[in-house]
Amino acid sequence: MGRAMSKTLISNTPEPVTGKIRLPGLSRAQISQHLADMGVEPKKLKMRTAQIFQWIYNFGVTDWNQMSNVAKPLKAKLAEHFTLDRPEIVERQISVDGTRKYLVRMAPGIEVESVFIPDVSSSGALCVSSQVGCTLTCKFCHTGTQRLVRNLTAQEIVLQVMMTRDDLGEWPTTFENRKLTNIVFMGMGEPLYNTDEVAQAIDILSDDTGMAIGRRRVTVSTSGVVPEIGPLGERTNAMLAISLHAANDDLRTQIMPINKKYPLADLMEACRNYPGLSNARRITFEYVMLKGINDTPKHARELINLLKGIPAKVNLIPFNPWPGSDYECSDWETIERFGQIINKAGYAAPIRTPRGRDILAACGQLKSESEKMRASEIKKMEKRRLAK
Ligand code: SAH
Ligand code: SF4
């Protein structure tokens with residue numbers, strides 16, 4: 001990664017004007033309630049809500065004047081009470097591989113990262129955060145070193161998607177060749193410790209008259225909050241990813257303390273019962289490759305045994321280093337051999353190409369304070385890794 005990363009400060013908007021309610025990111029019901037409170041007459045409420053919902057989520061308007069089917073006096077009233085403004089983008093970084101990382105200030109002290117990962121085809125996934133920080137302390141994860149500040153609201157989750165669309169110029173959402181096609185809850189935080197807001201965000205994102213991101217294009221990744229797995233599936237129909245990383249309890253508890261509370265037997269039981277599970281709707285098991293820890297052929301066979309009977313695919317994630325991390329990434333040949341063993345047992349086991357490492361945007365590297373880290377430190381780390 002010899003080339004310099006691009007780091008652009010793209011906006012410096014002030015905090016939202018106090019007293020005005022921000023509508024973007026709110027649900028249909030919330031918008032309707034606000035319109036009613038403002039005095040929209042009951043018999044027009046449904047129609048008005050539908051119009052405004054579509055302007056916000058299908059067209060992405062940020063200016064009331066763009067709402068061409070809303071009469072002028074009403075527009076003026078709306079502008080008095082509500083804002084269409086987005087929160088402030090504190091920083092946007094673009095990796096040499098096209099990955100974009102945003103640091104957004106949702107409210108004072110509430111800063112979240114989202115990462116857009118363009119694909120080779122004309123698709124791409126936005127990795128969204130569900131919490132600021134995380135209560136869990138998985139040993140290999142940078143976010144795990146940041147204490148939980150608070151859960152994000154559904155609005156703050158949806159805004160991450162809207163702001164990326166703003167930046168990519170992908171409004172209206174019927175825009176052909178749009179790149180933002182998928183959503184993965186793999187940013188900061190544990191989505192299943194914030195299930196209600198995550199579910200509401202998925203409702204808003206998938207609404208047909210808005211952004212219309214199909215529920216099968218939404219993947220929620222969990223470290224294994226067992227009691228929330230079934231309810232998530234029932235409530236959202238989203239695809240499930242499990243951060244597995246080890247296939248025996250001793251090792252998993254060592255690297256993921258949550259395994260003590262919800263051991264593998266319980267976790268796998270919840271997976272087997274995941275609503276809608278089928279060959280067409282498989283569970284993704286994420287497995288981070290840690291050198292000398294979980295990467296031997298014996299570990300691969302253990303994993304195969306564990307997955308027996310579950311429609312599954314395995315995602316092998318090369319460990320992404322961060323300053324102060326204790327682990328190293330397995331050698332490439334080791335990862336390939338591991339993948340081949342899983343493959344032979346009938347499971348797809350792609351190796352996830354690390355994206356955006358130069359801007360600390362890869363899996364597990366997110367942390368709100370990461371912008372404070374010196375770029376030179378990151379580069380040195382990368383050099384050491386590549387020299388191996
Ligand atoms: N809290 C949720 C979602 C966010 S983490 C979860 O744990 O599933 C997204 C994925 O990145 C998880 O699979 C996580 O285990 C993995 N990950 C964390 N740190 C990593 C690192 N340093 N290198 C590679 N993957 C990492
Ligand atoms: Fe939290 Fe997921 Fe990181 Fe574990 S891997 S510390 S659950 S964000």
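Scope of the values below: all heavy atoms of this structure, side chains included, with no hydrogens, waters or symmetry mates. Start at 1 with the first residue, then count along the sequence. Remember, it's 1-based here, ligands and their atoms both numbered in the order they're listed. Just so it is clear, the structure is predicted and the values come from calculations on it, not from any experiment.
Near His245, with a cut-off below 4.0 Å to any heavy atom, the atoms of ligand 1 are 13 (O), 14 (C), 15 (O). Near Cys134, with a cut-off below 4.0 Å to any heavy atom, the atoms of ligand 2 are 1 (Fe), 6 (S), 7 (S), 8 (S). When each atom of ligand 2 is checked for a heavy atom of Gly144 under 4.0 Å away, the hits are 6 (S). Near Ser223, meaning under 4.0 Å from any of its heavy atoms, are these atoms of ligand 2: 7 (S). Contact atoms of ligand 1 toward Glu286: 10 (C), 12 (C), 13 (O) (distance under 4.0 Å to a heavy atom of the residue). Set against the non-hydrogen atoms of Leu136, the atoms of ligand 2 under 4.0 Å away are 6 (S), 7 (S). Per-residue contacts place Val288 under 4.0 angstrom from the following atoms of ligand 1 (heavy atoms of the residue considered): 23 (N), 24 (C), 25 (N). Annotation for ligand 1: atoms under 4.0 Å from non-hydrogen atoms of Ser223 are 6 (C), 7 (O), 8 (O). Residue Ile317 has at least one heavy-atom neighbour below 4.0 Å for each of these atoms of ligand 1: 24 (C), 25 (N). Those atoms of ligand 1 that come under 4.0 Å of a heavy atom in Gly187, given as number and element, are 4 (C). Taking every non-hydrogen atom of Trp322 and a distance limit under 4.0 Å, the qualifying atoms of ligand 1 come out as 22 (N).
Under the 4.5 Å side-chain heavy-atom criterion for grouping Ile, Leu, Val, Met, Phe, Trp and Tyr, Met47 is not connected to Trp55 through any hydrophobic cluster. Residues Met256 and Leu148 do not share a hydrophobic cluster, defined by chaining ILVMFWY side chains whose heavy atoms lie under 4.5 Å apart. Residues Ile204 and Leu84 share a hydrophobic cluster, clusters being chains of Ile/Leu/Val/Met/Phe/Trp/Tyr side chains in contact below 4.5 Å.
At a cut-off of 3.5 Å, with distance as the only test, a side-chain donor of Thr195 or Glu228 sits close to an acceptor on the other residue. One side chain, Gln33 or Asp37, offers a donor N or O that lies under 3.5 Å from an acceptor on the other. Side-chain atoms of Thr83 and Arg22 include no donor-acceptor pair closer than 3.5 Å.
Residue Thr222 touches ligand 1 through its backbone alone, judged by heavy-atom distances below 4.0 Å. Contact annotation: for His142 versus ligand 1, there are no heavy atoms closer than 4.0 Å. Under 4.0 Å from ligand 1, heavy atoms of Met186 appear from its side chain as well as its backbone. Only backbone heavy atoms of Phe185 (N, CA, C or O) come within less than 4.0 Å of ligand 1; its side chain stays farther off. At a heavy-atom distance under 4.0 Å, atoms from both the backbone and the side chain of Asn320 approach ligand 1.
Each of Arg301, Glu302, Lys308 was compared with Asn305 under the side-chain hydrogen bond (donor to acceptor under 3.5 Å, both in side chains) criterion, and only Lys308 meets it.
In this structure, His245 has its ring center under 6.0 Å from that of Phe140.
The nearest non-hydrogen atom to atom 1 (N) of ligand 1, considering only Gly189, Ser325, Ser243, comes from Gly189.
Residues Phe185 and Ser221 form no side-chain contact, since every pair of their non-hydrogen atoms from C-beta on lies 4.5 Å or further apart.
Contact annotation: Met256 has no heavy atom less than 4.0 Å from any atom of ligand 1.
Among the atoms of Cys141, no N, O or S atom is found under 2.8 Å from atom 1 (Fe) of ligand 2.
With salt bridges taken as basic N to acidic carboxylate O contacts below 4.0 Å, one links Glu113 and Lys101.
For the pair Pro318 and ligand 1, the shortest N or O to N or O distance does not fall below 3.5 Å.
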List the steps, then state whether ring-ring contact (aromatic ring centres under 6.0 Å, His included) holds for Phe338 with Tyr287.
-> CA-CA 11 Å; Phe338 196 95; Tyr287 198 96; 5.0 Å; yes
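Contact detail for Ser278 and Pro311: the closest heavy-atom pair is O-CB, 3.5 Å.
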